[in-house]
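Computed from a predicted model, the values in this text were never measured in an experiment.
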Amino acid sequence: MLCARPGRLPGWSACKVALGWQRDGALDAWARLPENKFTTFSLARAQDFASLARKAIADPNVDLHVNMTGLERFGDFMDAAKRGLLAGEAGHSTDYEMSLIARAVANGQRAWSSVRFYYPTGAGDVVELRKIDMPDLSKLGKLDPVDGGKFEYCHHC
């Protein structure tokens, strides 16, 4: 979907969202690359972030692109999801996002295949797409569905 609305560049899609550590603007720079054109939550007010994350992750029409740069130093997806489940919105944003992905996938709100993971190659800020097999989410315990609210994040222009 290509959307042209105030505040969004023509050709950019709200249905492709980049998640991960901001790292002094590195996530935004990666998201803006011509081959990506992903939306981020970096301009959202702190009090709006969690709601936007829940809405986007609960919407199966949103393609999620997770940049694992920095996060991979502290474990894998499951480690981040565990931290996010423990800390909730008060914890690190990326851990919270991973916990929402785990909850949405575990409850059938989105397919694991709709989440793409990118890992650093060691060459500057270059990342590569890696296929990650779906982890055993039952190891995280009972996971509640993600309440994305009344309206989908990815709506038609």
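The shortest heavy-atom contact between K16 and N36 is NZ-O, 2.8 Å. A31 approaches T40 most closely through the heavy-atom pair CB-CG2, 3.5 Å. Residues V17 and A56 come closest through the heavy atom pair CG2-CB, 4.5 Å. Considering every non-hydrogen atom in both M98 and A80, the closest pair reads CG-CB, 3.7 Å. Between F77 and A102, the shortest heavy-atom contact is CZ-N, 3.9 Å. The minimum heavy-atom distance linking S93 with F49 is given by the pair CB-CZ, 3.6 Å.
In this structure, the side-chain contact (heavy atoms from CB on, under 4.5 Å) partners of M134, at least two apart in sequence or on a different chain, are V105, W112.
Between M78 and D136 the shortest side-chain heavy-atom distance does not fall below 4.5 Å. Annotation: side chain of T69 is not in contact with side chain of L71 (no heavy-atom distance under 4.5 Å). For the pair R54 and E89, the minimum side-chain heavy-atom distance is below 4.5 Å.
The main-chain N or O of A44 is never found under 3.5 Å from a side-chain atom of D48 such that the two would form a donor-acceptor pair. No donor-acceptor distance shorter than 3.5 angstrom exists from the side chain of N107 to the backbone of Q109, with no hydrogens or angles considered. In this structure a side-chain-to-backbone donor-acceptor pair under 3.5 Å is missing from S99 to A81. The backbone N or O of D76 sits less than 3.5 Å from a side-chain atom of D79, completing a donor-acceptor pair. A donor-acceptor pair under 3.5 Å is absent between the side-chain atoms of R110 and the main chain of I101, judged by distance alone. Judged by distance alone, the side chain of Q22 and the main-chain N or O of D28 form a donor-acceptor pair under 3.5 Å.
When the side chains of ILVMFWY residues are joined at heavy-atom separations under 4.5 Å, either directly or via intervening members, L27 and L129 end up in a single hydrophobic cluster. L33 and V127 end up in the same hydrophobic cluster when Ile, Leu, Val, Met, Phe, Trp and Tyr side chains are linked at under 4.5 Å.
Listed by first and then second residue, the ring-ring contact (aromatic ring centres under 6.0 Å, His included) pairs involving residues 56-76 are W21-F74, F38-H65, H65-Y118 (not counting sequence neighbours).
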Dump the intermediate steps for side-chain contact (heavy atoms from CB on, under 4.5 Å) on E97 and I57, then the final yes or no.
CA-CA 8 Å; E97 293 165 345; I57 292 169; 4.3 Å; yes

Verify side-chain contact (heavy atoms from CB on, under 4.5 Å) between N67 and L19, making sure each step is shown before the conclusion.
CA-CA 6 Å; N67 189 324; L19 305 172; over 6 Å; no

Donor-acceptor pairs are to be reported for all side-chain atoms of residues 141-148 against protein atoms at under 3.5 Å, with residues two or more places apart or in another chain.
| residue | atom | partner | partner atom | Å |
| --- | --- | --- | --- | --- |
| K142 | NZ | D144 | OD1 | 3.0 |
| D147 | OD1 | G149 | N | 3.0 |

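In this structure, I132 CD1 and S113 OG are separated by 13.5 Å, a value rounded to the nearest 0.5 Å.
Ion pair R130/E72 not flagged as a salt bridge, since none of the NZ, NE, NH1 or NH2 atoms sits closer than 4.0 Å to an Asp/Glu carboxylate oxygen.
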